Amino acid sequence: MKEIKIESLLHVYDSLDELPAEIKSLMKHAMDARDNSYSPYSNFSVGAAILLDNNEIVPGSNQENASYPSGLCAERTAIFYAGAKYPKAKMLKMAIIAGSKTKVTDVPIPPCGACRQSIAEYEVKQETPIELYFMGETGKVVKSHSLANLLPLVFDKSFL
Ligand code: THU
């Protein structure tokens, strides 16, 4: 028997102001995308924005459904939109901002497990890391240098 220790390194910033202009701008796109969230059931709005290597910025927001599981998270809306519209472009950075309509969300909201798996697919496909930044409506911002950093033991095409 041997033990394997898995570690993730995250950078935590006190506020968006600590980040470079490019990331502030990407987060602003995510905020604008969040305004298009359709979330009448959870009242939890999430926006995402992906910067591509062709300089396009692709937005996404959570889209809910009366049949709850038919809805989709913001991150997957954005990543599938990017994959569908710019299949040859590499995804460089993704900003995510989330907040409840009923209380103040002042902690960084990480992407859910299903979104991590979906983002991982594109990171593996393009063979370069996707940098992630996530936050609540206000407060700290967390940076992860890659998706793999957030999803150890990823299931990917190498197993198929
Ligand atoms: N949601 C996201 O958009 N991204 C996540 O990573 C977690 C959850 C959405 C799904 C649903 O519309 C609402 O937040 C509450 O779960």
Side-chain angles (χ1 to χ4, degrees), residues 6-16 19 23-52 56-86 89-126 128-156:
I6 299 174
E7 290 182 330
S8 291
L9 179 75
L10 298 172
H11 291 94
V12 183
Y13 299 86
D14 278 339
S15 83
L16 197 52
L19 285 143
I23 305 305
K24 280 189 209 151
S25 162
L26 192 62
M27 194 58 86
K28 174 76 173 68
H29 278 85
M31 277 174 209
D32 291 346
R34 192 183 54 167
D35 291 341
N36 295 334
S37 159
Y38 175 62
S39 42
Y41 304 106
S42 71
N43 285 316
F44 192 75
S45 321
V46 187
I50 303 173
L51 173 66
L52 305 179
E56 293 287 341
I57 292 180
V58 176
S61 57
N62 55 329
Q63 300 293 318
E64 297 186 349
N65 194 283
S67 172
Y68 292 1
S70 298
L72 198 64
C73 292
E75 297 89 329
R76 274 176 287 165
T77 306
I79 206 124
F80 294 153
Y81 182 14
K85 191 156 188 206
Y86 302 105
K90 286 195 176 186
M91 303 175 192
L92 303 179
K93 296 165 203 267
M94 181 172 194
I96 304 159
I97 183 161
S100 167
K101 290 172 205 155
T102 56
K103 61 173 186 160
V104 176
T105 304
D106 58 5
V107 291
I109 306 294
C112 77
C115 286
R116 292 183 208 192
Q117 180 67 31
S118 295
I119 300 166
E121 182 68 27
Y122 293 90
E123 196 171 83
V124 170
K125 178 186 170 217
Q126 71 184 28
T128 52
I130 302 173
E131 234 172 62
L132 287 116
Y133 296 84
F134 52 88
M135 64 182 296
E137 275 159 86
T138 174
K140 295 189 190 319
V141 182
V142 174
K143 172 188 172 186
S144 175
H145 57 79
S146 68
L147 188 284
N149 184 47
L150 294 180
L151 190 60
L153 302 182
V154 66
F155 178 85
D156 64 25

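All values derive from a computational prediction rather than experimental measurement. Each ligand, and each atom within it, is numbered from 1 in the order the structure gives. Both backbone and side-chain heavy atoms feed into the values below; hydrogens, waters and symmetry mates do not.
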Self-check item: Val104 to Thr138 - nearest heavy-atom pair and separation
Solution: CG1-CG2, 4.1 Å
Quiz item: Partners of Lys125 by side-chain hydrogen bond (donor to acceptor under 3.5 Å, both in side chains), sequence neighbours excluded?
Solution: none
Would you mind running through ligand 1 and noting each atom that sits below 4.0 Å from a heavy atom of [X]?
{"X": "Glu64", "value": "11 (C), 12 (O), 13 (C)"}
{"X": "Phe44", "value": "14 (O)"}
{"X": "Ser42", "value": "13 (C), 15 (C)"}

Tell me the protein heavy atom at minimum distance from [atom], and give that distance in Å.
{"atom": "atom 4 (N) of ligand 1", "value": "Glu75 OE1, 2.8 Å"}
{"atom": "atom 9 (C) of ligand 1", "value": "Asn62 ND2, 3.5 Å"}
{"atom": "atom 1 (N) of ligand 1", "value": "Cys73 SG, 3.5 Å"}
{"atom": "atom 3 (O) of ligand 1", "value": "Ala74 N, 2.9 Å"}

Quiz item: Is the closest side-chain heavy-atom distance between Val46 and Glu75 below 4.5 Å?
Solution: yes
Quiz item: Can an N or O of Val46 be found at a distance shorter than 3.5 Å from an N or O of ligand 1?
Solution: no
Quiz item: With distance as the sole test, does Ser8 use its side chain to make a donor-acceptor pair with the main-chain N or O of Leu150 at under 3.5 Å?
Solution: no
Practice problem: Mark yes or no for whether Glu123, through its side chain, and Met91, through its backbone, hold a donor-acceptor pair below 3.5 Å. | Solution: no
Exercise. Answer yes if a protein heavy atom lies under 4.0 Å from atom 16 (O) of ligand 1, otherwise answer no.
Key: no
Quiz item: Relative to each other, are the rings of Tyr41 and Tyr38 parallel, tilted or perpendicular (30° and 60° limits)?
Solution: perpendicular
Quiz item: Side-chain donor-acceptor pair under 3.5 Å between Asn149 and Ser144, yes or no?
Solution: yes
Quiz item: Are any of the heavy atoms in Pro111 under 4.0 Å away from ligand 1?
Solution: yes
